[in-house]
Amino acid sequence: MNEAKPAARRQINKLCLFNQYLTYGCLRVSGNLCTRPNLQRLHSDYQSPSNKHKYIPRRTSFSYKLTNSEIVLNEEVDKLENLNEQSLRQYFTNFEQLAMQCLWTEEQKVGVLQSLIDQKLKSVIQNQQTYDGIIRSLLKYKYPDEDANKYLFLLQNIKQNKYTFIKEYLQQIEETTRKYANCLNMTEDNINYKIREFFMQNLSNQTRLELSRQGILNADDMVIYITRMEDSILQFGNKKYDE
């Protein structure tokens with residue numbers, strides 16, 4: 001099925017901070033877009049993203065009693081109504097946490113989840129009577145087998161040098177790999193392997209050489225090292241642009 005197109009990136013996001021510094025030893029700029037204050041502002045925006053374009057689903061409220069207590073708590077939970085805008089992975093993670101908090105049985109989880117799914121999606125789960133079956137049906141509806149090549153193409157074109165920060169690049173790899181994996185019913189171990197594979201495969205040549213020079217071979221260690229370098233570059237890397 002078709003997915004909502006991501007919002008257009010600001011021009012400044014075309015700068016890969018770490019690669020620029022490796023290549024030039026400083027931040028080459030055009031006008032004042034890439035001055036250190038502007039990059040620091042962008043870094044802050046990335047760490048605390050705005051909710052301006054965030055989809056807000058309808059919510060429903062309910063009450064439940066704490067175990068071995070007379071205390072009654074009120075909760076609110078999102079409806080599942082727009083698969084283009086809502087992340088199924090995040091939705092089910094939140095739902096599982098709520099189910100544990102409320103001590104729901106499997107039967108209760110099925111009943112509550114069915115009540116939260118929008119009417120237009122009921123046909124997708126109409127033959128499913130188990131919690132896992134409902135999840136599988138929704139995932140397969142959103143990520144059909146025939147979309148695997150589409151996501152593989154997107155993965156092959158996610159390049160580090162298109163993203164300002166390494167965690168921004170990694171996040172895009174992770175999100176797209178999970179979509180690809182859902183089409184192919186991959187296990188969690190295979191998903192994590194693919195995330196590391198695409199992450200390392202699509203690093204720039206400059207970054208690969210620097211990581212090799214530093215003796216850093218593990219993907220997690222690469223992210224830690226580059227993130228630390230990005231922080232240093234933002235703090236000290238281009239003194240002539242201080243304000």
Side-chain angles (χ1 to χ4, degrees), residues 1 3-4 46-145 147 151 167-168 170-196 199 219-220 223-224 227:
M1 62 184 293
E3 296 203 22
Y46 171 66
Q47 291 179 319
S48 304
S50 167
N51 289 329
K52 184 177 179 181
H53 302 292
K54 184 178 180 181
Y55 177 78
I56 302 176
R58 292 175 298 149
R59 310 202 84 200
T60 188
S61 59
F62 66 94
S63 301
Y64 70 98
K65 185 183 291 186
L66 286 178
T67 306
N68 301 322
S69 169
E70 294 302 313
I71 299 175
V72 176
L73 298 179
N74 297 316
E75 280 286 352
E76 284 195 337
V77 60
D78 291 344
K79 292 273 194 178
L80 184 57
E81 56 188 15
N82 190 326
L83 298 189
N84 287 333
E85 297 286 351
Q86 292 174 275
S87 164
L88 283 177
R89 184 167 183 259
Q90 189 59 55
Y91 188 89
F92 291 133
T93 296
N94 294 342
F95 185 86
E96 284 286 348
Q97 291 172 347
L98 183 62
M100 290 177 62
Q101 179 180 317
C102 297
L103 301 178
W104 290 335
T105 64
E106 286 297 303
E107 184 177 357
Q108 289 172 324
K109 285 167 64 176
V110 169
V112 174
L113 183 56
Q114 287 176 332
S115 73
L116 293 173
I117 294 174
D118 191 80
Q119 189 63 38
K120 63 181 177 287
L121 294 173
K122 292 292 188 183
S123 61
V124 178
I125 64 165
Q126 61 182 352
N127 296 321
Q128 298 298 334
Q129 300 300 321
T130 66
Y131 180 71
D132 288 343
I134 291 172
I135 292 176
R136 282 196 300 271
S137 292
L138 288 167
L139 285 170
K140 189 50 63 180
Y141 177 73
K142 185 172 182 178
Y143 304 108
D145 297 350
D147 280 358
Y151 291 119
K167 287 185 178 178
E168 185 184 15
L170 174 60
Q171 180 180 339
Q172 195 63 42
I173 290 282
E174 288 178 339
E175 290 177 357
T176 310
T177 300
R178 288 194 174 278
K179 293 173 183 177
Y180 173 63
N182 283 327
C183 296
L184 300 177
N185 299 314
M186 286 186 184
T187 65
E188 190 65 23
D189 284 345
N190 284 338
I191 292 171
N192 290 329
Y193 175 83
K194 281 294 182 183
I195 288 171
R196 291 191 297 270
F199 172 83
D220 292 336
V223 174
I224 292 171
T227 300

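The basis for the numbers below is simple: all heavy atoms, side chains too, and nothing from hydrogens, waters or symmetry mates. None of the values given here were measured: they were computed from a predicted structure.
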Could you tell me whether the side chain of [Y] reaches within less than 4.5 Å of the side chain of [X], counting heavy atoms only?
X    : Y    : result
L73  : F62  : no
E174 : L170 : yes
L103 : Y64  : no
L80  : D118 : no
F92  : I134 : no

[X] side, atom [atom1]; [Y] side, atom [atom2] - distance, nearest 0.5 Å:
X    : Y    : atom1 : atom2 : value
Y141 : L121 : OH    : CG    : 6.5 Å
R178 : K194 : CZ    : NZ    : 14.5 Å
D78  : N94  : CG    : CG    : 7.5 Å
N84  : Y55  : CG    : OH    : 10.0 Å
K179 : L88  : NZ    : CG    : 10.5 Å
R89  : I135 : CZ    : CD1   : 12.5 Å

Between [X] and [Y], is there a donor-acceptor pair closer than 3.5 Å when you use the side chain of the first and the backbone of the second?
X    : Y    : value
K142 : L83  : yes
Y151 : Y143 : no
N192 : E188 : yes
Q86  : K79  : yes
Q126 : K122 : no
Q101 : L98  : no

- [ ] Mind listing the closest non-hydrogen atom pair of I125 and S137 along with its distance?
- [x]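 Distance-wise, the nearest heavy atoms are CG2-CB, 4.4 Å.
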
Open item on the list: Tell me the closest heavy-atom pair linking P144 and C183, and the distance in Å.
Closed with: O-SG, 3.2 Å

- [ ] Evaluate the criterion side chain to side chain donor-acceptor pair (under 3.5 Å) for residue pair E96 and Y131; output intermediate values, then yes/no.
- [x] CA-CA 11 Å; E96 284 286 348; Y131 180 71; 2.9 Å; yes

Task: Under-4.0 Å salt bridge between R58 and E76 - done: no

Open item on the list: Does this structure show an ion pair linking D145 with K140, if we count only N-O contacts that are shorter than 4.0 Å?
Closed with: yes

TODO: Take Q119 and E81, measure what side chain to side chain contact (heavy atoms under 4.5 Å, CB included) needs, and give me the verdict at the end.
DONE: CA-CA 8 Å; Q119 189 63 38; E81 56 188 15; over 6 Å; no

Open item on the list: Under the criterion side chain to side chain contact (heavy atoms under 4.5 Å, CB included), I'd like the reasoning laid out for F199 against T177: C-alpha separation, chi angles, the key distance, then a yes or no.
Closed with: CA-CA 10 Å; F199 172 83; T177 300; over 6 Å; no

- [ ] Show your working on side chain to side chain contact (heavy atoms under 4.5 Å, CB included) between F95 and V112 and close with a plain yes or no.
- [x] CA-CA 10 Å; F95 185 86; V112 174; 3.8 Å; yes

- [ ] For L138 and I117, run side chain to side chain contact (heavy atoms under 4.5 Å, CB included): C-alpha distance rounded to whole Å, both residues' side-chain angles, the deciding distance at 0.1 Å, then the answer.
- [x] CA-CA 10 Å; L138 288 167; I117 294 174; 4.0 Å; yes

Open item on the list: I'd like to know whether OH of Y193 has more than 12 heavy-atom contacts from other residues, nucleotides or ligands below 6.0 angstrom.
Closed with: no

Open item on the list: Within the supplied structure, the quantity of interest is the number of heavy atoms (other residues, nucleotides, ligands) at a distance under 6.0 Å from Q114 CD; does it exceed 12?
Closed with: yes

Open item on the list: Quiz question: by atom type and distance under 3.5 Å, do the side chains of Q172 and E168 form a donor-acceptor pair?
Closed with: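 The answer is no; no qualifying pair exists.
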
